[in-house]
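See structure below.
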Amino acid sequence: MITYIKESFEELKNNVTWLERAKASNLMVIVAVFSILFALATWGVDSLFSKLIRLYFEKLIG
């Protein structure tokens, strides 16, 4: 297990191509914005369906 961890760190240092810090930061902001937008869209659809189901059962029951 120790050998695997050492080899993993060695591969990260020598064989992985890392993005420049500025480009990585820009991509992080884009991912964060789209994640927030997707979460808001999901919340909106969930709220809409919740209200529709509540309305349906209110009409059904009384």
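Atom set for the values below is all heavy atoms of this structure, side chains included, hydrogens, waters and symmetry mates excluded. This one's a predicted model, so the numbers in the text were calculated from it and none came from an experiment.
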Co-membership, hydrophobic cluster, residues V29 and L37, 4.5 Å side-chain: yes
Can you check whether K13's main-chain N or O pairs, donor with acceptor, with W18's side chain at less than 3.5 Å? no
Extract all donor-acceptor atom pairs below 3.5 Å that involve side chains of residues 44-62 and protein atoms in other chains or at least two apart in sequence.
| unit_1 | atom_1 | unit_2 | atom_2 | d |
| --- | --- | --- | --- | --- |
| S47 | OG | W43 | O | 3.0 |

Nearest 0.5 angstrom please: N26 CG to R21 CZ, how far? 12.5 Å
Output for pair (S25 OG, I30 CD1), nearest 0.5 Å, gives 11.0 Å
